K.L.:
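The structure's right below; bear with me while I get my questions together.
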Amino acid sequence: MIGLDFTGKNVIITGGNGGIGTPVTEGVLAGGGSVILTARRNIDDFADALREKYGQDKVRVAIIDMADPEAIRSGYAKIIEEVGRVDVLINIAGVISKKPFEELDQAEWDRTIAVNLTALFAGCQSVFTHMKNNGGGRIVNVSSVAGKVGGGLLGTAAYASSKAGVNALTKAIAKEGGPFGINCNAVCPSLTFTKMTSCMDDEKTARVVSTMPLRRGAQPQEIANVILFYASDLASFCTGEITDADGGIVMDG
């Protein structure tokens with residue numbers, strides 16, 4: 001785990017108890033920060049283990065339905081009221097859509113866009129004015145290389161579209177937030193070995209790996225390291241970046 005300084009920082013993390021989210025959460029806490037974890041269900045066991053390790057006052061949990069924009073807005077308003085200041089928002093929560101375009105139904109399209117893009121919009125907008133009034137802040141959005149290349153084996157049309165939207169929204173927030181000290185960047189992983197990708201069989205995994213110059217998938221910590229960098233003060237002059245952590249698949253020009 002890379003050591004970055006988050007001393008005195010309050011950090012909201014969506015999906016902070018997932019595959020990539022867990023090392024991100026631990027990285028913030030190890031760096032002296034406090035986390036507010038949003039989840040749609042009870043994660044007390046996870047939170048209690050973190051409290052025991054890092055301190056009882058370092059971890060809060062907010063139960064929020066990430067498919068409901070109004071629940072996000074009201075939930076974030078409550079968080080801001082309780083902690084007084086939010087310094088960083090890290091958006092990791094998301095869903096996969098695997099259906100081919102021809103078989104994609106409206107319900108799955110709507111759900112994928114709702115969780116991956118609309119929820120992120122509502123969350124970012126909920127902290128934007130707060131950060132603006134407090135002299136700035138950092139927003140890090142977890143996207144995907146699927147949003148650049150049009151999808152892959154797991155993330156097809158709906159997923160790719162939602163992540164392309166995340167990339168565009170990240171740049172828009174960076175442009176509007178820059179004059180107020182709000183930095184907004186995105187990280188685009190490729191194959192990462194998490195619970196979400198565990199459904200891939202060996203053949204599919206091998207097909208993906210064969211397209212990667214590094215010839216391997218990522219461990220969650222490797223993606224977390226990039227996210228933590230953008231969440232930290234070390235990335236103070238970076239904004240609007242859509243950074244690939246992908247083993248070399250995309251290689252933007």
Side-chain angles (χ1 to χ4, degrees), residues 1-2 13-27 66 90-105 107-120 140-171 185-231 241-253:
M1 182 183 298
I2 57 175
I13 307 175
T14 76
N17 62 316
I20 294 172
T22 296
V24 169
T25 297
E26 294 232 31
M66 298 309 289
I90 303 175
N91 290 301
I92 304 173
V95 295
I96 284 286
S97 170
K98 297 185 289 184
K99 289 185 179 179
F101 178 69
E102 194 173 12
E103 300 172 15
L104 184 62
D105 57 81
E108 181 155 332
W109 170 273
D110 290 345
R111 175 176 175 268
T112 306
I113 298 298
V115 175
N116 291 356
L117 182 56
T118 304
L120 187 142
V140 187
N141 298 322
V142 175
S143 182
S144 169
V145 294
K148 292 187 172 184
V149 301
L153 291 173
L154 275 181
T156 49
Y159 182 77
S161 298
S162 70
K163 293 302 186 178
V166 169
N167 294 345
L169 181 59
T170 296
K171 293 179 182 181
N185 298 285
V187 177
C188 295
S190 61
L191 174 63
T192 306
F193 294 116
T194 66
K195 184 178 180 180
M196 186 178 285
T197 60
S198 62
C199 60
M200 291 178 63
D201 58 30
D202 291 343
E203 180 183 352
K204 284 186 177 181
T205 300
R207 283 169 57 193
V208 175
V209 168
S210 70
T211 68
M212 304 169 73
L214 290 185
R215 293 296 191 271
R216 65 177 181 85
Q219 295 300 317
Q221 184 67 61
E222 294 179 288
I223 310 303
N225 291 342
V226 185
I227 297 167
L228 289 165
F229 166 72
Y230 278 125
E241 288 298 310
I242 313 298
T243 297
D244 303 323
D246 66 349
I249 285 179
V250 175
M251 293 193 181
D252 288 333

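Worth saying up front: this structure is predicted, and the values here are computed from it rather than measured. For the numbers below, each heavy atom of this structure counts, side chains included, while hydrogens, waters and symmetry mates do not.
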K.L.:
What are the two closest non-hydrogen atoms of Ala160 and Gly151, and how far apart are they?
P.N.:
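Closest approach of Ala160 to Gly151, heavy atoms only: CB-N, 3.5 Å.
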
K.L.:
For the atom pair CG (Asn141) and CD1 (Ile227), what is the distance rounded to the nearest 0.5 Å?
P.N.:
10.0 Å

K.L.:
Is any side-chain heavy atom of Phe229 less than 4.5 Å from a side-chain heavy atom of Val187?
P.N.:
no

K.L.:
Do you know the tightest heavy-atom contact between Asn116 and Tyr159?
P.N.:
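Heavy-atom minimum between the residues: ND2-CD1, 3.5 Å.
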
K.L.:
Is there a side-chain contact (heavy atoms from CB on, under 4.5 Å) between Thr25 and Asn17 once you walk through the steps?
P.N.:
CA-CA 8 Å; Thr25 297; Asn17 62 316; over 6 Å; no

K.L.:
Of all heavy-atom pairs between Ala224 and Val24, which one has the smallest distance, and what is that distance?
P.N.:
CB-CG2, 3.6 Å

K.L.:
Under 4.5 Å between any side-chain heavy atoms of Ile20 and Thr194, yes or no?
P.N.:
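They are in contact (side-chain heavy atoms under 4.5 Å apart), so the answer is yes.
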
K.L.:
Would you compute the distance between atom CG of Leu169 and atom OG of Ser143 and round it to the nearest 0.5 angstrom?
P.N.:
10.5 Å

K.L.:
Within this structure, what is the CD1-CG distance for the pair Ile113 and Leu120, rounded to the nearest 0.5 Å?
P.N.:
11.5 Å

K.L.:
Answer yes or no: is there a side-chain heavy-atom contact under 4.5 Å between Pro220 and Thr22?
P.N.:
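The answer is no, as the side chains (C-beta and beyond) never meet within the 4.5 Å cut-off.
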
K.L.:
State the OG1-CG distance between Thr211 and Leu191, to the nearest 0.5 angstrom.
P.N.:
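If I round to the nearest 0.5 Å, the distance is 9.0 Å.
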
K.L.:
Measure the shortest side-chain to side-chain distance between Met212 and Asp246 over non-hydrogen atoms and say whether it is less than 4.5 angstrom.
P.N.:
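No. Closest side-chain heavy atoms not under 4.5 Å.
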
K.L.:
Got Pro23 and Gln219 here, is their nearest side-chain heavy-atom distance under 4.5 Å?
P.N.:
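When only atoms from C-beta onward are counted, Gln219 and Pro23 do not touch, as no gap falls below 4.5 Å.
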
K.L.:
Would you check if Asn185 and Thr243 make a side-chain contact, meaning some heavy-atom pair closer than 4.5 Å?
P.N.:
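No. Closest side-chain heavy atoms not under 4.5 Å.
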
K.L.:
Are any non-hydrogen side-chain atoms of Glu108 and Thr112 less than 4.5 angstrom apart?
P.N.:
yes

K.L.:
Using every non-hydrogen atom in the two residues, find where Trp109 and Ala157 come nearest and quote the distance to one decimal.
P.N.:
CZ3-O, 4.2 Å

K.L.:
Atom OG1 in Thr118, atom CZ in Arg111: separation rounded to 0.5 Å?
P.N.:
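Nearest 0.5 Å value for the OG1-CZ distance: 13.0 Å.
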
K.L.:
Enter the distance from Ile242:CD1 to Lys163:NZ here, rounded to the nearest 0.5 Å.
P.N.:
11.5 Å

K.L.:
Closest approach of Phe193 and Gly217, non-hydrogen atoms and distance?
P.N.:
CE1-CA, 3.6 Å

K.L.:
State whether the number of non-hydrogen atoms from other residues, nucleotides or ligands found under 6.0 Å of Asp105 atom CG is greater than 12.
P.N.:
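Yes, enclosed.
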
K.L.:
How close do Gly155 and Ala146 get, heavy atom to heavy atom, and via which atoms?
P.N.:
O-CB, 4.2 Å

K.L.:
So, do Pro100 and Thr156 sit near enough that their side-chain heavy atoms are less than 4.5 Å apart?
P.N.:
no

